[in-house]
Amino acid sequence: MAKLRMRQAIVAALADEMERDGSVIVFGEDVAAAGGPFKTSEGLLERFGRARVRDTPISETGFLGAGLGAAVTGLRPVVEIMFIEFLGVALDMLSTEAAKFRYLSGGKLSVPLVVRASAGSGLGFGAQHSQTLETWLYATPGLKLAVASGPRTAYGLLRAAVQDDNPVVVLEPRPLYGEREEVETGDAAVIPLGQANLCATGDDVTIVGLGQTVGTALRAAESAGWTADVIDLQTLLPWDRDTVFASVARTGRLVVVEESPRTGGWGTEIAAAVAGECFGDLTAPVTRITAPDVPVPFPPELEARYLPGPDYVRAQIDTLLDSGRLPVPWWETEGLGA
Amino acid sequence: MTATEALLDRRGGLRDRVARLERMLEIRALEDRVQALFSEGLVHGTTHTAQGQEAVAVGVAAATRPTDVVTCTYRGHAVALALGLTVEDVLGEIMGRTIGSVGGVGGSMHLCEPDVGLLPTFAIVGAGIPVAVGAGLSAQLRGGDDIAVAVFGDGATNIGAFHEGLNLAAIWQLPVLFVCEHNVYGEYSRFDLTTPVADVSVRGASYAIPSATVDGQDVDVVVAAVEEAVTAIRAGGGPRFLEFKTYRYAGHSRSDTAPYRPEGEMELWRERDPIDRFTERLLSEDALDAAAADAMAARVAARVDEAVETVKASPVPDAEAMFRHVYAPNRSR
């Protein structure tokens, strides 16, 4: 057990997998000589050599496609997409090619490919470098998608992803790279994909978070007049319906906290499933707390409003519990975004 | 003989020049039959046939080996048959029956047979190029002298995946052979309307990849060019690029009658038909006599007829098939 920053936990996960399996290779922009723009591959080049740790040109289609080709021919590539937005120019290789290869080979091929990408707002990167974009990947059978919420989950989920025989995307919330936490390393710390984690327990409401909204939800619950089950979904595709449904059956209320735009956000799937499957258990409207339907603004004052913070989440849940009605998002209260 | 051995036997048979002619005839016969089966309502959806391009497919297959990995386009029936897939494997997919190479769920554009190196064929233009580069990376790290082959059309040379793939193969000096089937048309548009160079091999050269433009209508020439390139690649010489000038007799897909062709163009290419030219050469060399040629044609026709009946008798996949193979089960590692 050691106190690690999330970026160090990622290095540790990569190193542990490269150590145990010689077919694991790492490539992406600036990952080798520079150790990664966010220092998430620091020291790997020195330790594992140039054959297995490679810098690529700035050409996501080329190197993500190469990751697929390498994955179906015996390697286990971990490909870094520096900002999740950069996947846009290469989405074909992931959604249309990699996710279909198992199916289109009649089960003869498997695709042990991992795509890591930094994601999310909060650091002043502006509209084109601050999105989470899970929804680009969400409706893609054949793909798995996990999101780290801190050093411990970054380590455990990444190791599980590398061990998986399917294409797996692991999103890393950029503001969390510097977060520190006690992290158990080793095989026992692998977090199976598809399992959520109940991080806090309470009676009044089930809060489901993903990535950096898990911390937001925990902080919101700390000083609240209610208690909550806080669930870190950990894996969005496939998501752990059992854990969420069991919690809602107990609390009777669901609040999903998302840092992405409201329309079409990942929480729509959770909300729809709970509204349908847990209909008889619900004592309040299923609630989504999200960002507004706007690009991520640059000024820190506005970005802080874009991202649902602990105080806002707490206040929205106060409203839900007090009134039994759906809380109105702040921008509607202020007459914005009509 | 197991199914795999049979595929390898079909592939290995291409060492023989006469067998190359027979495979080209088989491709032509199947492609012609696919168009007929559409009219009979036995094939639905779309399909992209490759009549006229047989020499490139067979030449590439003859000069490579089954442990080399191949990526190929949605106009892939010819390459698949050349690599060793049977008529039933290919037609089974075209007709969506369980006997097809991926159990019928793929269709005409999605053929696959790892036993002879064929990755699932790509329905997105250019997508197979970076994937072949990755297969080349595997081969390089594995050691040995296997290579990867990317087969694509002239239309793919305008998409980013082409340029990114070539660049990556060049800087990493990967064992990849890039094969452009320059068949004059990218979908419905003539090459010169979409592309500012006459020979796409200059684009290979621009990435410092030794590149050449070659007659794709002469299977002997194709084999010689591929053998030379492959020998250099296997020796550690990095990627090579071959552009084969060929011609697509059919339209882009089944619904395209290709009214955009200039008058007389088809006739000019038909005069250089790869099957006719090769047949005449083998006859003139006494490598084949007229009786053997007739017997070969009859044998191929019978094989395709038989395959059509076999595939017709093969069941449509059941609903369970569409839930199969979405994810790989994880082995414990």
Side-chain angles (χ1 to χ4, degrees), chain A residues 17 20-23 25 27 51-52 54-77 79 89-90 92-93 96-113 141-144 160 162-167 192-193 238, chain B residues 69 71 100-107 109-115 118-124 126-142 146 148 150 159-169 171-172 174 321-322 324-333:
Chain A
E17 285 301 320
R20 81 194 278 272
D21 185 341
S23 65
I25 63 169
F27 55 88
R52 294 178 67 194
R54 292 169 171 256
D55 285 320
T56 65
I58 304 168
S59 61
E60 282 80 6
T61 296
F63 69 76
L64 189 50
L68 166 58
V72 293
T73 53
L75 297 177
R76 304 184 81 85
V79 176
V89 299
D92 174 61
M93 289 301 158
T96 303
E97 312 299 345
K100 310 290 188 278
F101 254 49
R102 174 85 186 165
Y103 186 75
L104 291 179
S105 69
K108 292 170 190 163
L109 298 171
S110 55
V111 187
L113 170 69
L143 203 63
K144 297 185 182 182
V162 178
Q163 293 177 22
D164 203 281
D165 285 330
N166 296 282
L193 300 179
Chain B
V69 172
T71 68
S101 71
V102 299
V105 299
M109 295 196 281
H110 301 295
L111 307 169
C112 174
E113 187 44 77
D115 283 345
L118 183 64
L119 296 185
T121 54
F122 291 80
I124 305 296
I129 297 170
V131 176
V133 171
L137 176 61
S138 278
Q140 187 185 65
L141 294 186
R142 200 164 53 235
D146 287 336
I159 204 164
F162 167 86
H163 296 273
E164 296 188 20
L166 263 63
N167 186 61
L168 201 54
I171 59 165
W172 287 352
L174 298 176
M322 75 183 175
R324 216 180 288 149
H325 307 313
V326 178
Y327 290 94
N330 283 307
R331 295 164 303 221
S332 80
R333 291 178 61 247

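Proteins come first, then strands; the chains are lettered A, B, ... in the order of their sequence lines, and each starts at number 1.
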Does the side chain of A/Met93 reach to within under 4.5 Å of the side chain of B/Pro130, using non-hydrogen atoms?
yes
Heavy-atom closest contact (B/Asn167 atom, A/Pro57 atom, distance):
ND2-CG, 3.4 Å
With chain A, which of B/Met322, B/Arg324, B/His163 has the greatest number of heavy-atom pairs at distances under 4.5 Å?
B/Met322
What part of A/Leu109 gets closer than 4.5 Å to chain B, counting heavy atoms only: side chain, backbone, both or neither?
side chain
Greatest number of non-hydrogen atom pairs under 4.5 angstrom with chain B, of A/Gly62, A/Pro112, A/Ala71, falls to A/Gly62
Quick one: which of A/Pro141, A/Gly74, A/Ala90 has the most heavy-atom pairs under 4.5 Å with chain B, could you say?
A/Pro141
Could you check which of B/Ser138, B/Ala148, B/Gly165 has the highest count of heavy-atom pairs closer than 4.5 Å to chain A?
B/Ser138
Top contributor to chain A interface from B/Pro114, B/Ala139, B/Gly103, B/Gly106 [non-hydrogen pairs under 4.5 Å]
B/Pro114
Pairing residues for A/Phe27 by the ring-ring contact (aromatic ring centres under 6.0 Å, His included) criterion, not counting sequence neighbours:
B/Trp172
Closest heavy-atom contact between B/Cys112 and A/Leu104?
CB-O, 3.6 Å
Please examine the side chains of B/His325 and A/Lys108, heavy atoms only from C-beta on, and report whether any two atoms are closer than 4.5 Å.
no
Who among A/Ser105, A/Gly67, A/Gly106 has the most heavy-atom pairs with chain B under 4.5 Å?
A/Gly106
Where does B/Val105 contact chain A at under 4.5 Å (heavy atoms): side chain, backbone, both or neither?
both
Between B/Arg142 (side chain) and A/Thr73 (backbone), is there a donor-acceptor pair under 3.5 Å?
yes
Whatever's closer than 4.5 Å to a heavy atom in chain A on B/Leu118 counts as neither
Shortest non-hydrogen separation from A/Arg102 to B/Pro329 and the atoms involved:
NH2-CD, 3.6 Å
Rounded distance [0.5 Å steps], NZ in A/Lys100 versus CD1 in B/Ile124
9.5 Å
Side chain to side chain contact (heavy atoms under 4.5 Å, CB included) evaluation trace for A/Val72 with B/Val69:
CA-CA 10 Å; A/Val72 293; B/Val69 172; over 6 Å; no
Would you mind checking which part of B/Ala127 comes under 4.5 Å of any heavy atom in chain A, side chain (CB onward), backbone (N, CA, C, O), both or neither?
both
Report yes or no: does B/Asn330 contribute a side-chain atom to a donor-acceptor pair with the main-chain N or O of A/Asp164 at less than 3.5 Å?
no
Quick one: what part of B/Ala321 sits under 4.5 Å from any heavy atom of chain A, side chain, backbone, both or neither?
backbone
Answer with side chain, backbone, both or neither: which region of A/Thr96 has an atom nearer than 4.5 Å to a non-hydrogen atom of chain B?
side chain
Going by heavy atoms in the side chains, are A/Lys144 and B/Tyr327 under 4.5 Å from each other?
yes
Among all residues two or more places apart in sequence or in another chain, which pass the side chain to side chain donor-acceptor pair (under 3.5 Å) test with A/Thr61?
none
Structural part of A/Leu143 lying under 4.5 Å from a heavy atom of chain B:
backbone
